[in-house]
Q: 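Structure below; questions to follow.
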Amino acid sequence: MNIFSIYLEKIKEFIIDLEKHEQIKISDNLNNLAIELTPKDLQGDISCNAALILSKTNNKKPKDIAEFLKTHLIIKFSEFKNIFIAEPGFLNIEFKDDFWHKFLTDLLNLKEKYGSNSYKKNSYNVEFVSANPTGPLHVGHCRGSILGDVIANLLIFNGNAVTKEYYVNDLGKQIKKFTLSVYYRIIEILHNKEFPKNVDDLYPGENVADIAKKIIDKKLISEFNNFDKIYEKLREISIKESLELIKVNLNSLGIQHDHFVFESQLYKNNEIQDTVEKLKKKDLIYYGKIAAPKYKEEKNWKERKQLLFKSTLYGDDKDRPLQKNDTSWTYFAGDLAYHNNKIDRKFDILINVLGADHTGYIKRINAGVEALSNKKTKLSCKVSQLVKLIKDGKPFKMSKRKGDYITVEDLINEVGRDPVRFIMLSRSNDVELDFDFKKVTEKTKDNPVYYVQYCYARICSVFRNINKDLNEEINFDIKKFHINSYERQIIKKLSEWPKCISISSQRMEPHRIPVYLYELSSLFHSYWNLGKDDFSFRFISDNKPTSLTKLIILKCISYVIKSGMNLIGVNTPNKM
RNA sequence: GGUCCCGUAGUUAAAUGGAUAUAACGGAUCCCUCCUAAGGAUCAGAUGCAGGUUCGAUUCCUGCCGGGAUCACCA
């Protein structure tokens, strides 16, 4: 029920029809045809740029073409009440009230499903978070996590099959250091031997000590004399515990993954060898040297011959190593196997949500997926830029070594889930985001979260005061609804919701949703305040509704707010 | 140096190639006997620079100037 795409098609057909009757010439730029809301302060509901596009090929002034189109459009579409031509040649179409009556009726029937788009359904795999299981999630992980979650929600809302997935890097150097840290903590407890300080890359955090305690208390391992001997088991238990903690963190953000894939599992199933073999058969693997990085700080570069993947054939800047010097697989080799695993699971589209620090990784993994799937599986990587934390008016730098970092748990305790999600989503993910603790916790209109929630709460309060349930049907002959200019503006905004969803999901830009919800709320609050000066604009008098038409508007707003907030995972309290 | 992202009112942002560039904060002035003032109304204020494509550019392309991220046998 996207009136913009509907009329885009209708008017396109209409123009093509005119061409068939040789009344107009069309050119290949007909794809630029666009329908959008008429700007406020101008007459009309929706606007079309047809005349501007057709002007050149027909060698006529846009306004003349507009006049011509206007006369034909008015005849063809009975729902058009009037068409205004505006400089430089826009067609501003005004609908009859009947049209909006039907629109409102449809919206009331669809309820919170309104906005869902019905284009082709696909199966998606959305990989996000995938933080190393070496400690709790911190603020840095938040933005990408929420972004991934909402991209997935959008796809689900539009009727696609979606798997929310987490790739667990439970092998490699970092994990060894992490496991060793757990070991040192155990030794510390059992033998009173202090945890080594000032050793690089160990994990001194509380979470590690907690895991150590748990292992001892539950007697999960009996002997701790030799680290190497118990390494496998210790690693497995530590990762499992660590991942549990991460899941708790994610949960407090309102995020739940459907599926976890472990790097170690790929090793056990021989999937890395298989993947490399697959590439070898395609002649995409060779022994060779890669060029040194050119940046100035790199001084310790040593040239080596190693097993490389020809990612340059697929647009990467250089070929990428699959094996380390000791012949063990690189992280990239494992990730290729992981993506091959995804390809084998026959998703139509893969989505990876990455942090800004992984931008440089995109070309090579794209290359990998193209090569492994013969360009059949689409991979789309979405990057979320950094979050600048501001505390007490100053930038706050996190440092792992000092233990000076803010965890998700801290954040949620201090700020709360709703503001965190809303604010993290409210900017385009291509832009760095200022996250000011003070502003985010403020419970005023300056805080957009509460502004939108307040809109919903106010609507609930109206229905509470007339002892009606928000979902109760209103028996009313909608044809009697005489729409005033304020209501018309709101209805027009409501009509834009499916378009907002469509663009957000196609471009994977969820920030459009909070922005839209804020704008809709703003229209509502203005509408509400009209009742302060003029009683005829009030929704209730003497605990009875002043008019059923106003209730219908409120209901429609509430559905859109509710469904939008559901999508971004923010609550809509009935009362504030 | 290569790659990627960004440059819009004093500040923080918004704008699938559209019209008079949209908001919030901050500044100035108003509105609570009344459905929740966690709200509303009014005013002042902006597209880094130089080209190009286009009927039309904040948006696309090229160059420059600024800010951030990144470069590996780390994940």
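Below, read A as the first sequence line, B as the second, and so on, with proteins coming before strands; counting in each chain starts at 1.
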Q: Is there a donor-acceptor pair under 3.5 Å between the side chain of Ser181(A) and the backbone N or O of Tyr203(A)?
A: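 Yes, because the side chain of Ser181(A) sits within donor-acceptor range (under 3.5 Å) of the backbone of Tyr203(A).
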Q: If you check every side-chain atom of Glu36(A), which of rA37(B), rA72(B), rG18(B) has the closest atom?
A: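 Ranking rA37(B), rA72(B), rG18(B) by closest atom to the Glu36(A) side chain puts rG18(B) first.
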Q: In whole Å, I'd like the distance from the CZ atom of Arg538(A) to the C1' atom of rC32(B).
A: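 In whole Å, rC32(B) C1' and Arg538(A) CZ are 12 Å from each other.
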Q: Any idea which of rA19(B), rC35(B), rU12(B) is nearest the Val462(A) side chain?
A: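 Among rA19(B), rC35(B), rU12(B), the one nearest the side chain of Val462(A) is rC35(B).
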Q: Name the closest nucleotide to the Arg507(A) side chain, picking from rA23(B), rU16(B), rA19(B).
A: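 Of all the options, the side chain of Arg507(A) is nearest to rU16(B).
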Q: Which part of the nucleic acid does His358(A) contact within heavy-atom distance under 4.0 Å: base, sugar-phosphate only, or nothing?
A: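 Touches a base.
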Q: In whole Å, what separates the C1' atom of rA23(B) from that of rA9(B)?
A: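 My reading of the C1' atoms in rA23(B) and rA9(B) gives 11 Å.
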Q: Parallel, tilted or perpendicular: which fits the ring planes of Tyr361(A) and His358(A), with parallel below 30° and perpendicular above 60°?
A: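 Aromatic pair Tyr361(A)/His358(A) classed perpendicular.
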Q: Just to be sure I understand the rule, does Ser47(A) reach a base, reach only the sugar-phosphate, or reach nothing, if contact means heavy atoms closer than 4.0 Å?
A: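 Contact class for Ser47(A): base.
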Q: Quick test: give all pairs of protein nitrogen or oxygen and nucleotides 2-7 of chain B nitrogen or oxygen below 3.5 Å, distance rounded to 0.1 Å.
A:
| unit_1 | atom_1 | unit_2 | atom_2 | d |
| --- | --- | --- | --- | --- |
| rC5(B) | O2' | Asp430(A) | O | 2.3 |

Q: Name the pairing partner of rA23(B), where a pair is Watson-Crick or G-U wobble with both distances under 3.5 Å, or state none.
A: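 Paired with rU12(B).
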Q: rC60(B): syn or anti, with syn meaning chi within 90° of zero?
A: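 Anti conformation for rC60(B).
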Q: Considering only side-chain heavy atoms of Lys499(A), which listed nucleotide, rC74(B), rA37(B), rU16(B), is closest?
A: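 Nucleotide nearest to Lys499(A)'s side chain: rU16(B).
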Q: For Pro39(A), answer base if it contacts any base atom (sugar-phosphate contacts may also be present), sugar-phosphate if it contacts only those atoms, and nothing otherwise; contact means non-hydrogen atoms under 4.0 Å.
A: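 Base, at least one base heavy atom under 4.0 Å.
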Q: Considering only rU20(B), rU12(B), rA23(B), which nucleotide approaches the side chain of Lys40(A) most closely?
A: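 Among the listed nucleotides, the one closest to the side chain of Lys40(A) is rA23(B).
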Q: When all nucleic acid strands are considered with a 4.0 Å heavy-atom cut-off, which category describes Asn92(A): base, sugar-phosphate, or nothing?
A: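 Result for Asn92(A) = base.
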Q: For rG1(B), give the paired nucleotide (Watson-Crick: N1-N3 plus N6-O4 or O6-N4; G-U: N1-O2 and O6-N3; both under 3.5 Å), or none.
A: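 Because both required distances fall under 3.5 Å, rG1(B) counts as paired with rC71(B).
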Q: When you get a sec, tell me which of rC34(B), rG40(B), rA69(B) is the closest nucleotide to the side chain of Leu386(A)?
A: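 Of all the options, the side chain of Leu386(A) is nearest to rA69(B).
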Q: Under a 4.0 Å N-O cut-off, is there an ion pair linking Lys342(A) with Glu127(A)?
A: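 Answer for the salt bridge query: yes.
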Q: With heavy-atom distances below 4.5 Å as the criterion, would you say the side chains of Asn352(A) and His339(A) are in contact?
A: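 They are in contact (side-chain heavy atoms under 4.5 Å apart), so the answer is yes.
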Q: Checking all strands, does Tyr361(A) fall into the base, sugar-phosphate, or nothing category for heavy-atom contacts under 4.0 angstrom?
A: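 Result for Tyr361(A) = base.
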Q: Find the distance Asn574(A):CG to rC35(B):C1' and express it as a whole number of Å.
A: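 After rounding, the gap between these two atoms is 16 Å.
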Q: Mind checking who rA38(B) pairs with, Watson-Crick or G-U wobble, both distances under 3.5 Å?
A: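 Looking at the geometry, rA38(B) pairs with no nucleotide.
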Q: Across all strands, who's sitting opposite rG66(B) as a Watson-Crick or G-U wobble pair, both distances under 3.5 Å?
A: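 Paired with rC6(B).
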Q: Is any side-chain N or O of Asn49(A) under 3.5 Å from a base N or O of rG18(B), one able to act as donor and the other as acceptor?
A: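 Indeed, a donor on one side and an acceptor on the other fall under 3.5 Å apart.
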Q: Using the C1' atom as the point on both nucleotides, what is the distance between rU59(B) and rU8(B), in whole Å?
A: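 That atom pair is separated by 12 Å.
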Q: Determine whether the aromatic ring of Phe90(A) stacks with the base of rA19(B), defined as ring centroids separated by less than 5.5 Å and ring planes inclined by less than 30°.
A: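 Given the distance and angle limits, yes, they stack.
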Q: Rounded off to whole Å, could you give me the OH-to-C1' distance for the Tyr450(A) and rA37(B) pair?
A: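 That distance rounds to 17 Å.
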Q: Starting from P on rA38(B), measure out to OH on Tyr518(A) and report it in whole angstrom.
A: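 Atom-to-atom, Tyr518(A) to rA38(B), this comes out as 15 Å.
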Q: What contact category does Leu52(A) fall into here, base, sugar-phosphate, or nothing, at under 4.0 angstrom with non-hydrogen atoms?
A: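 Base contact.
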Q: Which residue lies toward the 5' end of RNA chain B, Ser526(A) or Leu91(A), if each is placed at its nearest nucleotide?
A: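 Between the two, 5'-proximity favours Leu91(A).
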Q: With both distances under 3.5 angstrom, what nucleotide forms a Watson-Crick or G-U wobble pair with rU59(B)?
A: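 rU59(B) is unpaired by these criteria.
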Q: Name the nucleic acid region contacted by Lys318(A), choosing base, sugar-phosphate or nothing; use a 4.0 angstrom heavy-atom cut-off, strictly under.
A: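 If one applies the 4.0 Å heavy-atom cut-off, Lys318(A) turns out to touch the sugar-phosphate alone, with no base involved.
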Q: May I ask you to decide if Glu487(A)'s main-chain N or O and Asn484(A)'s side chain share a donor-acceptor pair within less than 3.5 Å?
A: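 Indeed, once roles are kept as given, a pair shorter than 3.5 Å links the two residues.
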Q: Between Lys493(A) and Glu496(A), is the closest basic N to carboxylate O distance under 4.0 Å?
A: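 Between Lys493(A) and Glu496(A) there is a salt bridge, with a charged N closer than 4.0 Å to a carboxylate O.
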Q: Report which part of the nucleic acid Asn169(A) touches: base, sugar-phosphate, or nothing (heavy-atom distance under 4.0 Å, all strands).
A: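 Result for Asn169(A) = sugar-phosphate.
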Q: Nearest nucleotide by nearest heavy atom, which residue falls closer to the 5' end of RNA chain B, Ile290(A) or Arg512(A)?
A: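 The answer here is Arg512(A).
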Q: May I ask you to say what Ala457(A) touches in the nucleic acid, namely base, sugar-phosphate or nothing, with a heavy-atom cut-off under 4.0 Å?
A: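 Base contact - Ala457(A) has a heavy atom under 4.0 Å of at least one base atom.
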Q: Given rA15(B), rA69(B), rA72(B), identify the nucleotide with an atom nearest to the side chain of Ala356(A).
A: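 For the Ala356(A) side chain, the nearest candidate turns out to be rA69(B).
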Q: Take atom CD1 of Ile53(A) and atom C1' of rA19(B), then tell me their distance rounded to the nearest Å.
A: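 About 14 Å, once rounded to whole Å.
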Q: Both distances under 3.5 Å, Watson-Crick or G-U wobble: report the partner of rG17(B), or none.
A: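 Because no pair has both required distances under 3.5 Å, rG17(B) counts as unpaired.
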Q: Would you compute the distance between atom CZ of Phe90(A) and atom CG of Asn49(A) and round it to the nearest 0.5 angstrom?
A: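 If we round to the nearest 0.5 Å, Phe90(A):CZ and Asn49(A):CG are 6.5 Å apart.
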Q: What is the distance, to the nearest angstrom, from the CE atom on Met424(A) to the P atom on rU12(B)?
A: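 From Met424(A) CE to rU12(B) P: 18 Å.
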Q: Between rG18(B) and rC6(B), how far is it from one C1' atom to the other, in whole Å?
A: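 Comparing C1' positions in rG18(B) and rC6(B) gives a spacing of 24 Å.
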Q: Judged by atom type as modelled, is there a donor-acceptor pair below 3.5 Å linking the side chain of Arg507(A) to the main-chain atoms of Ser505(A)?
A: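 Side chain of Arg507(A) to backbone of Ser505(A), a donor-acceptor pair under 3.5 Å: no, none is there.
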Q: How long is the line joining NE2 of His525(A) and C1' of rA24(B), in whole Å?
A: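 Distance check: His525(A) NE2 to rA24(B) C1' gives 13 Å.
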Q: Is any side-chain heavy atom of Lys562(A) less than 4.5 Å from a side-chain heavy atom of Thr572(A)?
A: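 Side-chain contact under 4.5 Å: yes.
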Q: Rounded to the nearest Å, what distance is computed from the OH atom of residue Tyr451(A) to the C1' atom of nucleotide rU12(B)?
A: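 Rounded to whole Å, this separation is 17 Å.
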Q: Ring of Tyr516(A), cation from Arg512(A) - is the NZ or CZ under 6.0 Å from the centre and inside 45° of the axis?
A: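 Checked: cation-pi criterion not met.
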Q: Answer yes or no: is there a side-chain heavy-atom contact under 4.5 Å between Pro573(A) and Tyr456(A)?
A: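 Counting from C-beta outward, Pro573(A) and Tyr456(A) never come under 4.5 Å.
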Q: Give a yes/no answer on whether the side chain of Lys532(A) brings an N or O atom under 4.0 Å of OP1 or OP2 in rC34(B).
A: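 Looking at the OP1 and OP2 atoms of rC34(B), neither is under 4.0 Å from any side-chain N or O of Lys532(A).
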Q: Using a 4.0 Å heavy-atom cut-off across all strands, classify Gln174(A) as base, sugar-phosphate, or nothing.
A: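 Here Gln174(A) touches the backbone only, sparing every base.
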